[in-house]
Amino acid sequence: MKIDRQLGILSVLLQKDTVTAPYLAEQFEVSRRTINRDIEDLCKAGIPIVTKQGVNGGISIMEDYKLDKTLFTQREMQDILAGLRSLDSVNGTNRYGKLMEKLSAGSSDFMVGNQSVLIDLSSWYKDSLAPKIELIRTAIDQCRELEFVYYSPNGESVRLIEPYYLIFRWTSWYVWGWCKKRQDFRLFKLNRMDHLQMAEKVFVKKQVSMPDLRNERIFPGGIKVKALFEPECKWRLVEEFGSGSFTEQEDGKLLFQADYTNKKNLIAWILSFGDKVELLEPQEIRAEMLNIAKGIQKIY
């Protein structure tokens, strides 16, 4: 991507006194004309880049600028490299690993040996997620509409969207886009998308800010839950809701209280604990779970 390459060029210029356009073209596997355009863009962004013609000429950053202002500290660069490595973990390629080598040119301190942060974003659904992520990224870059079948608690439907952001949040991947069916921006979970394809139509980008993905915005709550768990369930409560979500009773049981968003998800979550939990409130969901238990009893 263009921004990745320009970031890499800037990193090389900060670490080397002078480089040539052919050197940068070879490093980033693009033409000299592309490098010249990137240098122009960096100059427009306020980076004081100097070019000199002749045998000893080349491209460099003004010396005073390099001495007085460093773009990245060693820790900042390591964080960048950790983030780039995490993107490789999504699709199983070494695309960003190669970019890391280019960013690290001339400074072995930034290489793998000194890395203390390792991020792996891969999942059990890696084989199906990777092609979707690549297709969505291409659609966003080319302003192409996406069409897919979407499965939700309300059933399945065919959706056509203008994609704007690919998002990793709440341990899953999502795409944020303008839904033609709902005439509004919506968040779609990649694991619920099927038959994903890029449409021929090119859309004109709307003025859209970063999506508001605060938990209280996406998951507004509304269901006040109170339940009594057996002591052996503590690890799950701590992992999923934190140690402040329950109080230990004199008999060792755990009184759990929290807000929940979706009734179906709440019932499924409670049932996942088997006979190690008793739902106390809300009463109407408690009654519904009794009916579910009776239905299960008929089956077994």
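All values below come from the heavy atoms of this structure, side chains included, with hydrogens, waters and symmetry mates left out.
Contact of the M198 side chain with the E145 side chain is not registered, since no non-hydrogen atoms from C-beta on lie closer than 4.5 Å. The side-chain heavy atoms of V225 and E281, taken from C-beta on, include no pair separated by under 4.5 Å. Between Q249 and L228 the shortest side-chain heavy-atom distance falls below 4.5 Å. The side-chain heavy atoms of F229 and F246, taken from C-beta on, include no pair separated by under 4.5 Å. Between E156 and D194, the closest side-chain pair of non-hydrogen atoms is not below 4.5 Å. Between R186 and D184, the closest side-chain pair of non-hydrogen atoms falls below 4.5 Å. F203 places a side-chain heavy atom less than 4.5 Å from the side chain of K205. With a 4.5 Å cut-off on side-chain heavy atoms, T18 and I59 do not count as touching.
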Evaluate V30 against L24 for side chain to side chain contact (heavy atoms under 4.5 Å, CB included), listing each step before the verdict. CA-CA 8 Å; V30 293; L24 292 174; over 6 Å; no

Start with the C-alpha distance between T138 and R144, add both sets of side-chain angles, then the distance that settles side chain to side chain contact (heavy atoms under 4.5 Å, CB included), and finish with yes or no. CA-CA 8 Å; T138 301; R144 299 269 293 277; over 6 Å; no

CA sep, side-chain torsions, deciding dist, call: I167, W173, side chain to side chain contact (heavy atoms under 4.5 Å, CB included): CA-CA 6 Å; I167 300 166; W173 285 94; over 6 Å; no

For V12 and Q27, what are the C-alpha separation, side-chain angles and deciding distance, and is it a side chain to side chain contact (heavy atoms under 4.5 Å, CB included)? CA-CA 10 Å; V12 171; Q27 285 292 306; 6.0 Å; no

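Residues V149 and L146 do not share a hydrophobic cluster, clusters being chains of Ile/Leu/Val/Met/Phe/Trp/Tyr side chains in contact below 4.5 Å. By the criterion of side-chain heavy atoms lying less than 4.5 angstrom apart, applied directly or through intervening Ile, Leu, Val, Met, Phe, Trp or Tyr residues, Y151 is grouped together with V158 in one hydrophobic cluster. L160 and I140 fall into different hydrophobic clusters, where Ile, Leu, Val, Met, Phe, Trp and Tyr are joined by side-chain heavy atoms under 4.5 Å apart, directly or via other members. Linking Ile, Leu, Val, Met, Phe, Trp and Tyr residues whenever their side-chain heavy atoms come within less than 4.5 Å places I299 and I292 in a single cluster. The cluster map of Ile, Leu, Val, Met, Phe, Trp and Tyr, joined by side-chain heavy atoms under 4.5 Å apart, puts L266 and L255 in different clusters.
When all heavy atoms of Q142 and V202 are compared, the pair lying nearest together is O-CG1, 3.9 Å. A pairwise comparison of heavy atoms in T20 and G57 identifies CG2-O, 4.3 Å as the closest pair. In terms of heavy-atom proximity, P282 sits nearest to I223 at CG-CG2, 3.8 Å. Nearest approach of A139 to P163, heavy atoms of both residues: CB-CG, 4.0 Å. Closest approach of R5 to T34, counting heavy atoms only: NH2-CG2, 3.4 Å. Here the closest non-hydrogen pair linking L190 and K132 is O-NZ, 2.7 Å.
Taking the ring centre of W178 as origin, the terminal cationic atom of K206 falls inside the region bounded by 6.0 Å and 45° from the ring axis.
A distance of 12.0 Å separates CG in D141 from CD1 in I136, rounded to the nearest 0.5 Å. Note that CG of N291 is 12.5 Å distant from CZ of R286, once rounded to the nearest 0.5 Å. Rounded to the nearest 0.5 Å, atoms NZ (K264) and CD1 (I285) are 12.5 Å apart. For the atom pair CD of E40 and CG of L42, the computed distance is 10.5 Å after rounding to the nearest 0.5 Å. Here I296 contributes atom CD1 and K294 contributes atom NZ; the two are 13.0 Å apart, rounded to the nearest 0.5 Å. In this structure, SG in C143 is found 9.0 Å from CD in E162, a value given to the nearest 0.5 Å.
No donor-acceptor contact under 3.5 angstrom links the side chains of Q53 and T51, judged on distance only. R159 and S157 share a donor-acceptor pair across their side chains, judged by distance under 3.5 Å alone.
Listed by chain and number, the residues in a ring-ring contact (aromatic ring centres under 6.0 Å, His included) with F188 are F148, Y150 (sequence neighbours excluded).
Less than 6.0 angstrom separates the ring centroid of Y164 from the ring centroid of F185. Between F241 and F256, the ring centre distance stays below 6.0 Å.
A 6.0 Å sphere centred on NZ of K180 holds more than 12 heavy atoms belonging to other residues, nucleotides or ligands. K181 NZ: more than 12 foreign heavy atoms inside a 6.0 Å radius. The local environment of CD in Q183 is crowded, with over 12 non-hydrogen atoms from other residues, nucleotides or ligands closer than 6.0 Å.
Here E288 pairs with K263 in a salt bridge; the nearest charged N to carboxylate O distance falls below 4.0 Å. Between K253 and E278 there is no salt bridge, since no side-chain nitrogen of the basic residue lies less than 4.0 Å from a carboxylate oxygen of the acidic one.
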Using residues 269-276 as the side-chain source, report each donor-acceptor pair under 3.5 Å to any protein atom, sequence neighbours left out, with the distance given to one decimal.
unit_1, atom_1, unit_2, atom_2, d
W269, NE1, E240, OE1, 2.6
S272, OG, R236, NH1, 3.3
S272, OG, R236, NH2, 3.2
S272, OG, W269, O, 2.5
K276, NZ, E232, OE2, 3.3

